[in-house]
Protein chains: 2
Amino acid sequence: MITVKHVAQAAGVSPGTVSNALTGKRPVSPKTRSRIFQAIEELGYKPNLLARSLVNRRSHTIAIVTSEVEQFGPARILSGIDEQAEELGYSLLLTLMRNPAEEDVEQTITNLVARGVDGIIWAVHQVGNNRRWFTAERRKELPPIAFVTMEPKPGMAIVNTDNRAGAKMAVQHLISRERRVIGHIAGPLDWWEARERLHGWRATLADAGLENSDDLLVKGNWSAESGEAGLRQLLERRPDMDGIFLGNDQMAIGALQAAHRLGYAIPGDLALVGFDNIPESRYFWPPLTTIHQGLFEIGRVALQTIHDAIEESGASGERHITIQPELIVRESS
Amino acid sequence: MITVKHVAQAAGVSPGTVSNALTGKRPVSPKTRSRIFQAIEELGYKPNLLARSLVNRRSHTIAIVTSEVEQFGPARILSGIDEQAEELGYSLLLTLMRNPAEEDVEQTITNLVARGVDGIIWAVHQVGNNRRWFTAERRKELPPIAFVTMEPKPGMAIVNTDNRAGAKMAVQHLISRERRVIGHIAGPLDWWEARERLHGWRATLADAGLENSDDLLVKGNWSAESGEAGLRQLLERRPDMDGIFLGNDQMAIGALQAAHRLGYAIPGDLALVGFDNIPESRYFWPPLTTIHQGLFEIGRVALQTIHDAIEESGASGERHITIQPELIVRESS
DNA sequence: AGCGCCTGCTAAAACGTTTTAATCAGAGGT
DNA sequence: ACCTCTGATTAAAACGTTTTAGCAGGCGCT
């Protein structure tokens with residue numbers, strides 16, 4: 001292995017000077033500078049980033065903790081994070097949590113800190129109380145943390161989609177299509193996003209003077225199965241239903257299938273609006289009207305937020321950033 | 001920051017002894033041992049893994065380089081890698097390549113090596129000649145590398161799906177459903193997987209004495225759009241076609257939509273078989289018959305392979321592992 | 001000529017571990 | 001009482017960097 005010592009020797013100079021030339025933090029005369037770089041070139045020297053991190057207390061590594069990366073949402077966010085990370089010169093340490101509700105937060109974080117990450121992006125979905133571990137006191141001892149998709153809390157850095165606004169757009173769109181009995185298949189209500197969308201559905205109907213009783217609501221679990229079951233249940237309770245707002249696109253595809261099997265015409269008998277705008281949604285039958293979230297943008301912004309916090313070398317102060325969603329109209333409504 | 005020195009002092013012992021107690025590589029008397037652990041507990045000492053990596057030349061970090069993590073395949077593989085990584089005590093350094101064909105392989109690898117990763121899983125799809133960089137000579141200087149989904153090459157560690165076998169199963173299934181004019185919408189042919197599946201389609205038809213001319217073949221690009229366009233094109237050329245094998249499920253969903261618009265009954269007029277078994281495929285309309293790849297398993301095996309190579313502390317010798325796919329019969333055929 | 005002041009460099013310390021080589025205490029054997 | 005051996009402990013070196021403190025020597029100024 002080629003170290004800074006070898007380079008120093010080859011250039012007839014001390015290791016410290018090589019370091020100075022490399023980092024540029026201290027002046028080095030043009031002559032020796034060029035000798036050093038020539039030696040680096042000849043020897044093919046590559047600095048050892050571990051050693052550098054050790055003394056600098058800066059690893060240029062950011063940890064991202066997430067779950068269900070096989071789903072479109074988390075994956076898209078991850079992609080956005082990566083793009084911004086590359087731009088700012090960070091590497092990414094990835095940790096997947098299979099069971100966010102059960103897993104040991106402390107152990108995960110401890111490992112990351114021991115590895116000297118400069119910051120953490122916590123993109124595990126807020127389910128149940130699994131963020132309760134992050135007390136203000138604990139966070140004081142930790143590198144900056146940015147939370148993705150989580151209920152705003154004072155003193156935390158959080159990046160979100162405006163779920164209520166998205167739900168409002170969806171329901172208003174259905175209303176504009178002359179629908180008057182509009183149901184909702186919600187995600188699991190221990191998820192914050194699901195609650196927000198549900199709230200948006202309810203509030204918008206109330207504002208429009210339309211019914212929003214629990215009769216029109218069924219709880220799913222994000223899966224296509226639950227969308228299918230949910231639709232059947234809703235139609236049984238309310239055969240007069242003429243529009244549905246689905247908590248996500250996966251449930252929408254299940255609901256579409258159920259509607260076909262039951263012989264409902266889409267959008268004639270029943271108009272559907274989803275949430276997420278997964279790539280396939282354009283190819284559902286019929287193509288799905290849905291709410292586009294700027295997930296990639298969320299990822300980028302989350303990383304940028306962490307970066308800013310690191311640069312200020314302060315704990316991540318409070319900053320709540322909300323990305324606005326967008327309505328994508330297709331043939332299902 | 002609490003270091004091993006503080007612990008040593010608190011336990012009235014030298015830093016070396018603390019290390020011995022911690023690693024267990026050298027004997028330490030029960031009395032001092034318990035004193036040390038008590039001190040660790042009281043002070044809340046957490047070893048700094050960077051420093052440890054530096055001296056051990058072992059970071060317990062494995063790099064995974066991949067692309068298009070927003071797609072089901074790569075994401076599922078990643079998930080498998082992560083599970084096995086957690087089991088074996090590795091952390092994962094993730095690098096996403098946006099443009100596998102263009103990006104600078106050398107720079108990426110250099111960065112990973114400089115960060116001291118113990119091994120690399122190269123899961124970037126083999127497109128064009130982007131693996132040409134990995135000559136035997138270069139690999140000698142690098143930590144062990146496992147390649148995922150790539151043409152077998154002597155001296156390399158490679159984990160694969162048996163794409164030809166999968167294609168064969170798909171086509172044989174269509175034949176068993178009394179289909180006699182069976183088309184294929186292939187993935188982009190600079191992808192190795194696409195070529196393998198195409199070959200499987202061709203060979204199986206030939207073996208059965210059925211037509212396999214280029215008339216029945218169209219080239220897509222994995223996207224639903226290209227599946228839609230491909231189906232229209234095929235049906236225009238061959239209105240007598242009664243079965244299609246699609247290179248992946250995304251193209252299948254596009255083809256399904258085109259078939260609906262053209263008024264073809266599925267599977268009555270036309271039977272479809274996809275490839276990948278993405279979660280949504282079960283909810284296509286009609287549900288899609290497809291080939292299940294053990295992608296999660298591929299990820300697990302890839303990581304295990306790297307681990308084995310590391311343990312033998314040799315360069316990754318040749319090992320070609322092939323995972324067998326499986327036919328999932330649903331209503332589209 | 002003497003004084004201070006830059007400029008460019010070096011030797012040594014530091015980062016937080018583990019490992020090596022040496023030392024020390026005590027047990028056991030004669 | 002002496003010697004040897006063994007097992008536990010330590011001081012110091014090492015890993016590959018950067019940073020600190022200090023040291024020459026040239027320059028300009030009085």
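Chain letters run A, B, ... following the sequence lines, proteins first and then strands; every chain starts at 1.
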Derivation and outcome, side chain to side chain contact (heavy atoms under 4.5 Å, CB included), residues B:I109 and B:W122: CA-CA 10 Å; B:I109 296 285; B:W122 189 260; 3.9 Å; yes
Listed nucleotide nearest any side-chain atom of B:R52, set C:dT17, D:dT17, C:dC9: C:dT17
Sugar-phosphate, base or nothing in reach of B:S19, heavy atoms under 4.0 Å: base
Sugar-phosphate only, base, or nothing, as touched by A:T17 at under 4.0 Å among non-hydrogen atoms: base
Residues B:K46, A:E141; criterion salt bridge (charged side-chain N to carboxylate O under 4.0 Å, His left out); working and verdict: CA-CA 13 Å; B:K46 305 277 187 272; A:E141 311 288 313; over 6 Å; no
Straight-line distance of A:L295 CG to A:T149 OG1, nearest 0.5 Å: 7.5 Å
Length of the line joining A:L54:CG and C:dA13:C1', which is rounded to integer Å: 14 Å
Side-chain (A:N160) to main-chain (A:E151) donor-acceptor, under 3.5 angstrom: no
Sugar-phosphate, base or nothing in reach of B:K5, heavy atoms under 4.0 Å: nothing
Side chain of A:R57 (C-beta onward), nearest among D:dT9, C:dC15, C:dT20: C:dC15
Nucleotide nearest A:S29 (side chain, heavy atoms from C-beta), chosen from C:dC9, D:dA8, D:dT17: C:dC9
Sugar-phosphate, base or nothing in reach of B:K46, heavy atoms under 4.0 Å: sugar-phosphate
From C:dT17, D:dG16, C:dT10, nucleotide with atom closest to A:N20 side chain: C:dT10
Residue A:K25, side-chain atoms from C-beta onward, closest of D:dT19, D:dG16, C:dC9: D:dT19
Touch class at under 4.0 angstrom, heavy-atom based, for A:T23 against every strand present: sugar-phosphate
